[in-house]
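The figures that follow rest on heavy atoms only: side chains count, while hydrogens, waters and symmetry mates do not. The chains referred to below are lettered A, B, ... by the order of the sequence lines, with proteins before strands, and numbering in each begins at 1.
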Amino acid sequence: MSEESIMADSQRSKRMLMVEDEAGDARLLQLAMRQSGFSAEVDHVWDGYEALEHLRRAGLQRQSAARPDLIVLDLKMPRLSGLDFLRLIKQDDDLRAIPVVAFSSSLLETDVRSAYEFGAAGYLTKPTDFQELIDMVNVLGEYWFRLVRLPHND
Amino acid sequence: MAKDLTARERAVLILLVEDEPADAHLVRLALRENRVPAEVAHVVDGREALAYLRREGPSFVGTERPDLILLDLNMPRMDGFEFLAAVKRDPGLRGIPVVVLSTSEAERDVRSAYRLGAAGYVAKSSSVNDLIVAFGRLSRYWLTLARLPARGK
């Protein structure tokens, strides 16, 4: 079976922006990515406000910030919450094409529903088990980086 | 992976919007080959899909809200882009994820689909094996991993 022909522009390396205020969660996610077959460059920012700065290349420090192909977004964060960030970027003509996957420990139906209504392209609940996290990252990577076409991130 | 379904109402409902009977057949085949525990409702263009979702007309009385929409782009009457825009404008429907299935690989089409709110853009493969692999990935992400909004009304 030709796996090659269904890989979405696999030549280009993919970038993911992780928006996560919990240092422990961010570290585990990065560790899980390294241990899985997932091969994306990961940039990490700590809240929605910083994520907006990154995407808009605001400030000297972020002048050359790379556009992500995918954003993985925690919901519960200080300053600018995940849902507020999601709403803002889906209203931004320049940024709205970037898919955003919610990554949350909340099981509340209102959070799930709001995330999708604000334009999330998936809602993943944070696993408590590390092996489950690796499995999650594999399925996430297979879908976003090996199956679907993504818009060019320039 | 595919868990046994004890109650019928637990099966995920996919709305397939596809005008080509052969392609619709292949999608069903690929879902079956992956043992995806989903029911498929099939409509043939964007206008019919909107009628289905809004329960308009005698054929769509009491239709169930789908958990996921699989959308072809190139269709008569109302194409995929128009349909996607209409769904994402509708407060009652915009929470349903829509994955585009298309033969077009044009960057313009990919970008437009995401800008309109697509939750994925899958290139239709002419190879049945590739399509089965693709639907394995698609269903592991949407039906096994992701949490979807409760069906509700």
Checklist entry - Mind checking whether B:Y141 and A:V101 have side chains closer than 4.5 Å, heavy atoms only? => result yes
Checklist entry - Do you know which two heavy atoms are closest between A:Y116 and B:P97, and how far apart they sit? => result CE2-CG, 4.0 Å
Checklist entry - Are any non-hydrogen side-chain atoms of B:L145 and A:L124 less than 4.5 angstrom apart? => result yes
Checklist entry - How about A:R149 and B:V122: do any of their side-chain heavy atoms sit closer than 4.5 Å? => result no
Checklist entry - Could you give the distance from CG (A:L147) to CZ (B:R140), rounded to the nearest 0.5 Å? => result 10.0 Å
Next on the checklist: Could you check whether any side-chain heavy atom of A:V139 comes within less than 4.5 Å of a side-chain heavy atom of B:R137, counting everything from C-beta outward?
Outcome noted: no
Next on the checklist: Any carboxylate oxygen within less than 4.0 angstrom of a Lys/Arg side-chain nitrogen, looking at B:R115 and A:D93?
Outcome noted: yes
Item to check | Under 4.5 Å from any heavy atom of chain B - which part of A:E142 | outcome: both
Checklist outcome for this item: When rounded to the nearest 0.5 Å, the distance separating CZ of B:R147 from CZ of A:R113 is 12.0 Å
Checklist entry - Going by the angle between their ring planes, with limits at 30° and 60°, are B:W142 and A:Y143 parallel, tilted or perpendicular? => result perpendicular
Item to check | B:Y114 side chain reached by A:I98 side chain, heavy atoms, under 4.5 Å | outcome: no
Checklist outcome for this item: Applying a strict 4.5 Å limit to non-hydrogen atoms, the region of B:L116 in contact with chain A is neither
